Enquirer: 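Sharing a structure, written as structure tokens. Questions coming.
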Amino acid sequence: MKILSLVVIFLAYESGARVIEDDCNGIAVHNIIHEREELLHIRNSPYQLAIDYNTNVLFFSFSNEKGSTLLNSAYLNLRTGEYFVIKDVKSGFANAVDQKTNTVYLGGSNGIYKFNYVTRKSEHLDGTTHNIWQLFYKDDLYYTTYPDENLYLFKDGKYQKVPELSDTRVLLAALDNNNNIYFSNSSGLYVHKRIKNYVSFLGDYNLNSFASDINGNLYFSTPTGIYYINGQNIEHLATMDNIYGMAIENDGSILIADYENIFRLKPSKKQC
């Protein structure tokens, strides 16, 4: 049985009657109109959202100035609204969280850092020197590099290329609950099936982020849409403009970053 966490936010409104709209204006997710709840106005393209479910803190990266290649890591406390720029990560661009140990990893142009909530400082991890493009945590820490587009596993202070994809370009990657590796490059979206050890093409999608929910279900965004990964099938959830990244909160709510905002999609009582 497929368990889709987004169902949670629909059930919250199940007891109230919905108005069926002939002309749907707004953002529709599964035919339910959603409204934007602005969380943070931040110029210059917030990227690579990752939520620490233990603290309800959202980590992301952004450009220092419009069109600039100078990057910063930052966080937004979704409970209190506190916004903080993490300035000790060199060209901070990537973010991931080990939900079991409450460990936050940040990636920059010279490797991987570990963030300390108490001091609000970041510690560079020995043995990491790559220019990090993306981080993803699933039992272990995975990362991709730029411009060479390789996928690595970082474990016990050492890194190695993921052998199944050592000769494959990987810009973004995510693992599902069966350790299948979903990855993208300029050619589209693919999956490496762990048991059968083969790569399958899933579609010509222009990905800019992967996201996982609290149950390990996978999603991704493109500049114009958000999608749910259901095995070999891709489900289109919503269409909108200027998407830079997404994340899923612990209650299933969707967070979206566009070119100058981070906002939450809240279900209304209107249905297409």
Side-chain angles (χ1 to χ4, degrees), residues 5 46-54 57-61 71 73 75 89 92-109 111-115 122 125 127-128 130-146 148-156 158-166 168-185 188-194 199 202 205 207-222 226-229 234 243-250 255 257:
S5 293
Y47 300 93
Q48 301 225 19
L49 282 60
I51 297 178
D52 182 350
Y53 291 127
N54 298 284
V57 171
L58 175 71
F59 289 84
F60 62 95
S61 302
L71 304 166
S73 297
Y75 72 69
V89 177
F93 189 65
N95 313 279
V97 181
D98 176 355
Q99 305 293 350
K100 292 182 180 179
T101 64
N102 192 210
T103 303
V104 177
Y105 296 100
L106 308 173
S109 61
I112 302 171
Y113 295 73
K114 186 185 294 187
F115 181 73
S122 304
L125 299 183
T128 65
H130 286 118
N131 183 18
I132 309 297
W133 183 262
Q134 182 226 8
L135 293 168
F136 190 87
Y137 197 93
K138 183 68 175 181
D139 299 324
D140 292 300
L141 184 62
Y142 295 82
Y143 67 90
T144 64
T145 58
Y146 186 83
D148 44 339
E149 298 186 26
N150 290 318
L151 176 62
Y152 289 87
L153 167 66
F154 184 72
K155 187 175 182 179
D156 298 327
K158 299 179 181 179
Y159 66 85
Q160 64 174 18
K161 279 188 179 181
V162 174
E164 297 90 338
L165 297 173
S166 60
T168 304
R169 288 184 299 111
V170 179
L171 191 59
L172 296 170
L175 279 72
D176 68 8
N177 289 324
N178 296 314
N179 288 322
N180 299 310
I181 305 172
Y182 291 82
F183 66 95
S184 71
N185 53 39
L189 175 64
Y190 300 82
V191 59
H192 176 273
K193 303 293 287 187
R194 177 175 176 268
V199 172
L202 298 180
Y205 298 97
L207 272 73
N208 56 23
S209 75
F210 277 108
S212 62
D213 64 19
I214 198 169
N215 297 312
N217 300 304
L218 294 181
Y219 306 78
F220 68 86
S221 64
T222 71
I226 56 177
Y227 299 81
Y228 170 68
I229 297 176
I234 306 300
I243 300 174
Y244 280 76
M246 67 175 297
I248 308 295
E249 293 187 89
N250 56 11
L255 301 183

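When a residue number appears, it is its place in the shown sequence, counting from 1. For clarity, every value in this text was computed on a predicted model and none was experimentally measured.
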Enquirer: For Glu149, check salt bridge (charged side-chain N to carboxylate O under 4.0 Å, His left out) against everything at least two apart and list the hits.
Expert: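 With neighbours one apart ignored, the set is Arg169.
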Enquirer: Under the side-chain contact (heavy atoms from CB on, under 4.5 Å) test, which residues partner Asn208, sequence neighbours left out?
Expert: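 Asn208 satisfies side-chain contact (heavy atoms from CB on, under 4.5 Å) with Ser221, Pro223 only.
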Enquirer: Which residues satisfy the salt bridge (charged side-chain N to carboxylate O under 4.0 Å, His left out) test with Arg194, sequence neighbours excluded?
Expert: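 None.
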Enquirer: Taking C-beta and beyond as the side chain, do Leu125 and Tyr105 meet within less than 4.5 Å on heavy atoms?
Expert: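 They are in contact (side-chain heavy atoms under 4.5 Å apart), so the answer is yes.
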Enquirer: For Asn131, which residues count as a side chain to side chain donor-acceptor pair (under 3.5 Å) partner, sequence neighbours excluded?
Expert: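 Partners of Asn131 under the side chain to side chain donor-acceptor pair (under 3.5 Å) test: none.
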Enquirer: Sequence neighbours excluded, which residues qualify as side chain to side chain donor-acceptor pair (under 3.5 Å) partners of Ser122?
Expert: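 For Ser122, the residues satisfying side chain to side chain donor-acceptor pair (under 3.5 Å) (neighbours in sequence not counted) are Asp88.
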Enquirer: Considering only heavy atoms from C-beta outward, does the side chain of Phe183 approach that of Val199 to under 4.5 Å?
Expert: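 A side-chain contact under 4.5 Å exists here.
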Enquirer: Going by the rule ring pair (Phe, Tyr, Trp, His ring centres under 6.0 Å), which residues pair with Tyr143 if we only count those two or more places apart in sequence or in a different chain?
Expert: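 Scan of Tyr143 (ring pair (Phe, Tyr, Trp, His ring centres under 6.0 Å), adjacent residues dropped) gives His130, Tyr152.
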Enquirer: Going by the side-chain contact (heavy atoms from CB on, under 4.5 Å) test, name the single residue among Ile181, Val162, Asn180, Asp140 that passes it with Leu175.
Expert: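 The passing option is Ile181.
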Enquirer: Are the side chains of Ile229 and Asp176 in touch, meaning some heavy atoms are under 4.5 Å apart?
Expert: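 No, every pair of side-chain atoms sits at 4.5 Å or beyond.
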Enquirer: Could you list the residues that satisfy side chain to side chain donor-acceptor pair (under 3.5 Å) with Tyr113, not counting sequence neighbours?
Expert: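 Per chain and number, Tyr113 pairs via side chain to side chain donor-acceptor pair (under 3.5 Å) with Asn110.
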Enquirer: Take a 6.0 Å sphere around OH of Tyr205 and say whether it holds more than 12 heavy atoms from other residues, nucleotides or ligands.
Expert: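 Buried by this count: over 12 neighbours within 6.0 Å.
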Enquirer: When you compare the side chain of Thr168 with that of Leu151, does any pair of heavy atoms fall below 4.5 Å?
Expert: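 They are not in contact (no side-chain heavy atoms under 4.5 Å apart), so the answer is no.
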Enquirer: For Tyr159, I'd like to know if atom OH has over 12 heavy atoms of other residues, nucleotides or ligands within 6.0 Å.
Expert: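 No, because the 6.0 Å sphere around OH of Tyr159 holds 12 heavy atoms or fewer from other groups.
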Enquirer: Using the ring pair (Phe, Tyr, Trp, His ring centres under 6.0 Å) criterion, which residues pair with Tyr47? Sequence neighbours excluded.
Expert: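 Scan of Tyr47 (ring pair (Phe, Tyr, Trp, His ring centres under 6.0 Å), adjacent residues dropped) gives Phe93, Tyr244.
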Enquirer: Between Leu135 and Leu141, is any pair of side-chain heavy atoms under 4.5 Å apart?
Expert: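 Yes; the side chains approach each other to less than 4.5 Å.
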Enquirer: The criterion is side chain to side chain donor-acceptor pair (under 3.5 Å); which residues satisfy it with Thr222, sequence neighbours excluded?
Expert: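 If we apply the side chain to side chain donor-acceptor pair (under 3.5 Å) test to Thr222, skipping adjacent residues, there are no hits.
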Enquirer: Does Phe136 have any ring pair (Phe, Tyr, Trp, His ring centres under 6.0 Å) partners at least two apart in sequence or in another chain, and if so, which?
Expert: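 Checked Phe136 against ring pair (Phe, Tyr, Trp, His ring centres under 6.0 Å); zero matches.
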Enquirer: Check whether any side-chain heavy atom of Ile226 sits under 4.5 Å from a side-chain heavy atom of Tyr219, and report yes or no.
Expert: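 No, side chains not in contact.
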Enquirer: Can you check whether Asn250 reaches Ile51 side chain to side chain, under 4.5 Å on heavy atoms?
Expert: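 Answer no - side chains too far apart.
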Enquirer: Decide yes or no for Ser209 and Leu49: does some side-chain heavy atom of the first lie under 4.5 Å from some side-chain heavy atom of the second?
Expert: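 Answer no - side chains too far apart.
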Enquirer: Would you please name every residue forming a side-chain contact (heavy atoms from CB on, under 4.5 Å) with Lys100, sequence neighbours left out?
Expert: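 side-chain contact (heavy atoms from CB on, under 4.5 Å) list for Lys100, sorted by chain: Asp98, Asp139.
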Enquirer: Taking ring pair (Phe, Tyr, Trp, His ring centres under 6.0 Å) as the definition, give me every residue that meets it alongside Phe154, ordered by chain and number, with sequence neighbours left out.
Expert: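 Applying ring pair (Phe, Tyr, Trp, His ring centres under 6.0 Å) to Phe154 gives none.
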